[in-house]
Structure formats: structure tokens, C-alpha cells
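Chain letters run A, B, ... following the sequence lines, proteins first and then strands; every chain starts at 1. No hydrogens, no waters, no symmetry mates; every other heavy atom, side chains included, goes into these values.
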There are 2 protein chains.
Amino acid sequence: MEIRAVLAQNLKKCRQLRGLSQEELAHRADIDRTYISSLERCVYAASIEVVDQLARALDMEASDLLQRTPADEPGVCEET
Amino acid sequence: MEIRAVLAQNLKKCRQLRGLSQEELAHRADIDRTYISSLERCVYAASIEVVDQLARALDMEASDLLQRTPADEPGVCEET
DNA sequence: CGCAATTGTAGAGAATACTCCGTGGAGAAA
DNA sequence: TTTCTCCACGGAGTATTCTCTACAATTGCG
């Protein structure tokens, strides 16, 4: 799986789990809304600074957003 | 700690632990040597694609290279 | 010291991330 | 239908990453 897709998947999942719209997240992370939309569609390879901003807005670690989830394990956003 | 510094620190440590020079790593990751030098000095905020290439060249996960190390815990490269 | 390997650094240019504008579509509710 | 929210998507412009070339500084080793 491409690293872009890993980020896209984790980003979308964690955002939705927190009940945030792309626009709300954009505001909290101080990032353009359409850009977040692009990231969730794998259009760009984000810089680690953007990943860090998004992670902080989601109250998690940057490394968590890049975590590849083995098929039979829970994702980074789920509770145990 | 800035996310650039986290990457810089982990990158340098893991590279040295594997006995690789910047040039050898550059070749294995198919990335310019001077750019790796820059990353270890926090000059740029790498894209997640570069982080992934470096991680694969170091036989580890991209998320590991962005892991912040709590002061009293071992780094991502150390054995237990 | 002399030599070799490694790393720092500068500068120019290509490539790509990122912002900002706007438009339109899908779904839900009045 | 109309309205509202959310999201996909395009284009143009700016900012930054990333490559390449070349040379200087450093480190370690005989």
C-alpha cells in the first residue's frame, strides 16, 4: 500500500471518528480545506510538517497517521 | 521538538546503527546524498514519500522514523 | 603528516506541495 | 422544490521540496 493511501485512510478514519468535517479539521490544523480533501484522495504526498499539524489537530501523534494497519489488526483510531 | 528534528535524529541514529554512510543510504533509497545530509540537519520538511523510501532502505516502517522518543525510553533503533 | 572517506554547504533549476478562488454534485431536512 | 451541509474537483499562483554539480571542511587511519 502506498504511503499516501496509508495517510489518506488514517486521516479520514480518525477525522470521522472525532465527528469532524474536512472544514472543521482544516480550521483546527490551519490548513486549506481543499488540500485536506486532496490528501484524503491521495493527490499529494504531504510533508511531515503537514502530517504533524493534522496529528495535533486530531490529538494524536504524527507517526500514528502513517501507521500501516495489518489486515487483521484494529486501526490506529479504534479503541481496544 | 520539531517534527523535522525527530526525523533528523531517528534517521541519523538508524543509519549509523546499520553502519551506512549517507552516500550508501542515498543509493539504496534512490535519493540525493546532499539532500539526506540536509534532512539530518533539519533544513527541509521531507514529504512522506521520501520518509517511506528512507524507511524501506533502512528496513523499517515510515512511522518509526517519525516516532518521538520520550526521554526515558529507548529510541526506535535500539534493541531491547 | 599524507591520504581517503565522509559530510557540510552553496547555488541554480526542475518538480511538486500548498493556498486560494470558484463551481457543481449528492444527500438530508423543511 | 428549496435550502443546507459536506465533499469532489479545476485552475492559477506561490512556496517549498528535491536534484545535480561543485567545492570546502572534517574525521579517521596508515
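Atom CD of B:Gln53 sits about 14.0 Å away from atom CZ of B:Arg28, to the nearest 0.5 Å. Atom SG of B:Cys42 sits about 10.0 Å away from atom CG of B:Leu11, to the nearest 0.5 Å. Here the straight-line distance linking atom CG of B:Leu7 with atom OG of A:Ser63 works out to 12.0 Å at 0.5 Å rounding. Rounded to the nearest 0.5 angstrom, A:Ser21 OG and A:Ile36 CD1 are separated by 9.0 Å. Atoms CD and NZ, from A:Gln22 and A:Lys12 in turn, are 7.5 Å apart once rounded to the nearest 0.5 Å.
As a whole-Å value, the separation of A:Leu39 CG from D:dC9 P is 14 Å. We find that CD of A:Glu23 is positioned 10 Å from P of D:dT5, with the value rounded to whole Å. We find that CD of B:Gln53 is positioned 14 Å from C1' of C:dT16, with the value rounded to whole Å. B:Arg18 places its CZ atom 19 Å from the C1' atom of C:dT6, with the value rounded to the nearest Å. Taking atom CZ on B:Arg15 and atom C1' on C:dG8, their separation rounds to 12 Å, with Å as the unit.
OP1 and OP2 of C:dA5 both lie 4.0 Å or more from every side-chain N or O belonging to B:Gln22. Side-chain nitrogen and oxygen atoms of A:Ser37 include at least one within less than 4.0 Å of the OP1 or OP2 phosphate oxygen of D:dA8.
In this structure, B:Ala62 and B:Ala55 approach most closely via the heavy-atom pair N-CB, 3.5 Å.
Listed by first then second residue, pairs satisfying salt bridge (Lys or Arg N to Asp or Glu O under 4.0 Å) with a partner in residues 32-49 of chain A read A:Arg15-A:Glu40, A:Glu49-B:Arg4, not counting sequence neighbours.
Remark on DNA chain C: of its neighbouring residues B:Ile36 and A:Val50, the 5'-side contact belongs to B:Ile36, judged by nearest-heavy-atom nucleotide.
Under the 4.5 Å side-chain criterion, counting only non-hydrogen atoms from C-beta, A:Leu65 is in contact with A:Leu54.
For the side chain to side chain contact (heavy atoms under 4.5 Å, CB included) with A:Leu58, the qualifying choice from A:Asp64, A:Leu17, A:Leu25 is A:Leu25, the only one to do so.
DNA chain C is contacted by A:Arg4 of residues 1-8 of chain A, taking any non-hydrogen atom closer than 4.0 Å. For residues 40-49 of chain A, proximity to DNA chain C is found at A:Tyr44, A:Ala45, A:Ala46, A:Ser47, defined as any non-hydrogen atom under 4.0 angstrom from a strand atom.
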What's touching nucleotides 21-30 of chain C from the protein side, N or O pairs under 3.5 Å?
none

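Partners of A:Glu23 under the salt bridge (Lys or Arg N to Asp or Glu O under 4.0 Å) rule, at least two apart in sequence or in another chain, do not exist in this structure. Residues satisfying the salt bridge (Lys or Arg N to Asp or Glu O under 4.0 Å) criterion with A:Asp52, sequence neighbours excluded, are A:Arg56, B:Arg68.
Among C:dT6, D:dC7, C:dT19, the nucleotide with an atom closest to any side-chain atom of A:Ile31 is C:dT19.
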